[in-house]
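Take a look at the structure set out below.
A, B, ... follow the sequence lines: proteins, then strands. Residue 1 opens every chain.
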Amino acid sequence: MFFEQLLFFVAGFGAIGGAVGVVVLRNPFYSVLALVGHLISLAILFLLLTAAFLAAAQVVVYAGAVMVLYVFVVAYVGGSEEELRPEAKGLLGAFGPLFAAVLLVELAIAVIGSSLSTLDSRGADVGAGFGSPGAIGELLLTKFLLPFEAASFLLLIAAVGAVVLARKRRGLEEPADAISVADLVRSDVGTQKEAAG
Amino acid sequence: MDVAWFVVLSAFIFCIGAAGVMTRRSPLVVLLCLELMLNAGNLALIAFSRMVGNHEGQVFALIVMVVAACEVVIGLGIIVAMYRRRLPIDVDRMSELRG
């Protein structure tokens, strides 16, 4: 019991620290690294809530795959150029944190004032297999088959959309800018096109 | 641990993410803060799933993770397209979607 509480507070402070780091750090690369720490802390919290499969998916999918995507784009865009500029001056700069504080007060009132008496308990008694891949997978393939298929279709659409968005738009450039097959054989032409782009 | 602790933590993380979305101007960091908010929602979903004692909330959280992955892919694609076309990487100056 004591170990569980200790783990909760360690992971909770890790999650909040990572979240604050994402918002506060000026270099986007460090923000991404802070988010990785935040996601791993959240995976520990998921384990405390007996959601083993989701904890594993969190680490593999989020902290692994999605964050690698972020790191690639940060390295590609080179996001640290505006590091020293003050962000969000004027009305919006004051309004943003104020909005977040008001939201926090509202959520605190909602949580404290909620009449859910079970909120103060450890929750329902669950067996040893709660949150296991088998249990989740069985639900996904029986009761939630339609959302499962819709999610897979959504992923396909997103993959196609990303390719369409990030491709080079040949139609907007001059015809002389097109690359012939002979240019592809020369190794240096790709970086030149990229730089002239 | 009581479920309430997890719900309160989720509220904290959601508000930090909301503050980031409102204050930061780099679209990359705005996307990261959106991830924070989605993850806070996931934490609340899983906490309530534990409270009720069935798996529906966990399946919902899994679907939220799928939607978050799609959002990241499309958002990063837009950022790469902005960079390719030499547009400023700044959400304040990127005020219309029309290319």
Side-chain angles (χ1 to χ4, degrees), chain A residues 4-5 8 12 15-16 19-20 22-23 28 31-32 35 42 45-46 48-51 54 57 61 66 69 73-74 76-77 79 82 87-88 93 96-97 99-100 103-104 107-108 111 118-124 126 131 135-136 139-140 144 147 151 154-155 158-159 161-162 165-166 168 197, chain B residues 1-9 11-26 28-29 31-33 35-36 39 42-43 46-47 49-53 55-56 58-59 61-63 65-74 76-81 83-84 89-90 92:
Chain A
E4 191 186 348
Q5 287 183 352
F8 173 81
I16 289 183
V20 170
V22 169
V23 177
S31 288
V32 173
L35 189 63
L42 271 190
L45 291 174
F46 289 177
L48 283 177
L49 287 166
T50 62
L54 276 170
V61 175
V66 173
L69 204 62
V73 172
V74 169
Y76 182 67
V77 175
E82 293 188 26
E87 300 231 3
F99 171 78
L103 193 65
L104 181 62
L107 282 175
V111 170
T118 46
L119 209 59
D120 288 331
S121 76
R122 291 175 45 81
V126 291
I136 303 271
L139 263 185
L140 275 178
F144 296 105
L154 184 66
L155 277 173
L165 274 173
K168 290 204 155 193
Chain B
M1 293 301 293
D2 289 348
V3 174
W5 285 94
F6 290 93
V7 178
V8 169
L9 182 65
F12 267 111
I13 296 171
F14 188 88
C15 294
I16 294 169
V21 170
M22 300 291 284
T23 51
R24 296 301 298 264
R25 293 195 319 194
S26 161
L28 269 168
V29 183
L31 275 180
L32 289 175
C33 294
E35 296 283 317
L36 285 182
N39 274 303
N42 264 352
L43 184 60
I46 293 174
S49 159
R50 177 71 182 78
M51 183 183 98
V52 177
H55 285 105
E56 267 87 353
Q58 297 194 7
V59 173
L62 201 62
I63 302 291
M65 284 168 75
V66 170
V67 172
C70 294
E71 164 250 317
V72 164
V73 164
I74 296 296
L76 291 179
I78 291 174
I79 293 172
V80 169
Y83 181 74
R84 281 253 171 91
I89 309 287
D90 187 340
D92 285 351

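Interface remark: B:Ile46 contributes backbone and side-chain atoms alike to the contact with chain A (heavy atom separation under 4.5 Å). Residue B:Leu9 touches chain A through its side chain alone, counting heavy-atom pairs closer than 4.5 Å.
Among the candidates A:Gly131, A:Ser31, A:Ala57, the residue making the largest number of heavy-atom pairs closer than 4.5 Å to chain B is A:Gly131. Looking only at heavy-atom pairs under 4.5 Å with chain B, the residue among A:Val61, A:Val66, A:Leu139 that has the most is A:Leu139. Per-residue heavy-atom pair counts under 4.5 Å with chain B were compared for A:Leu42, A:Val32, A:Val20, and the maximum is reached by A:Leu42. Taking B:Val66, B:Asn39, B:Ile63 one by one and counting their heavy-atom pairs under 4.5 Å with chain A, the maximum is reached by B:Asn39. Considering only heavy-atom pairs separated by less than 4.5 Å from chain A, the leading option among B:Val59, B:Ile16, B:Val21, B:Leu32 is B:Leu32. With chain B as the partner, the residue from A:Leu155, A:Leu140, A:Val23, A:Leu69 showing the most heavy-atom pairs under 4.5 Å is A:Val23. When each of A:Leu103, A:Thr50, A:Leu104 is checked for heavy-atom pairs under 4.5 Å with chain B, A:Leu104 comes out on top. Per-residue counts of heavy-atom pairs under 4.5 Å with chain B were compared for A:Ala15, A:Ala51, A:Gly161; the largest is that of A:Ala51.
For the atom pair CG (A:Leu154) and CD (B:Glu71), the distance works out to 11.0 Å, reported to the nearest 0.5 Å. Note that the CD atom of B:Glu56 and the CD1 atom of A:Ile136 stand 10.0 Å from one another [nearest 0.5 Å]. From B:Glu35, atom CD reaches atom CG of A:Leu35 across 6.5 Å, with rounding to the nearest 0.5 Å.
Counting all heavy atoms, side chain and backbone alike, B:Cys15 lies closest to A:Leu107 at SG-CD1, 4.0 Å.
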* List the steps, then state whether side-chain contact (heavy atoms from CB on, under 4.5 Å) holds for A:Tyr76 with B:Ile79. => CA-CA 10 Å; A:Tyr76 182 67; B:Ile79 293 172; over 6 Å; no
* Which is it for A:Phe46 and B:Leu43 under the side-chain contact (heavy atoms from CB on, under 4.5 Å) test, yes or no, and what are the steps along the way? -> CA-CA 7 Å; A:Phe46 289 177; B:Leu43 184 60; 3.6 Å; yes
* Give the intermediate values and the outcome of side-chain contact (heavy atoms from CB on, under 4.5 Å) for residues A:Gln5 and B:Trp5. => CA-CA 10 Å; A:Gln5 287 183 352; B:Trp5 285 94; over 6 Å; no
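Within a 6.0 Å sphere centred on CZ of B:Phe12, heavy atoms belonging to other residues, nucleotides or ligands number 12 at most.
Within the 4.5 Å cutoff, side-chain heavy atoms of B:Met65 are placed close to those of A:Leu54. Under the 4.5 Å side-chain criterion, counting only non-hydrogen atoms from C-beta, B:Phe6 is in contact with A:Leu48.
Under the side chain to side chain contact (heavy atoms under 4.5 Å, CB included) rule, A:Leu165 has a single partner from B:Val73, B:Leu76, B:Ile74, which is B:Ile74.
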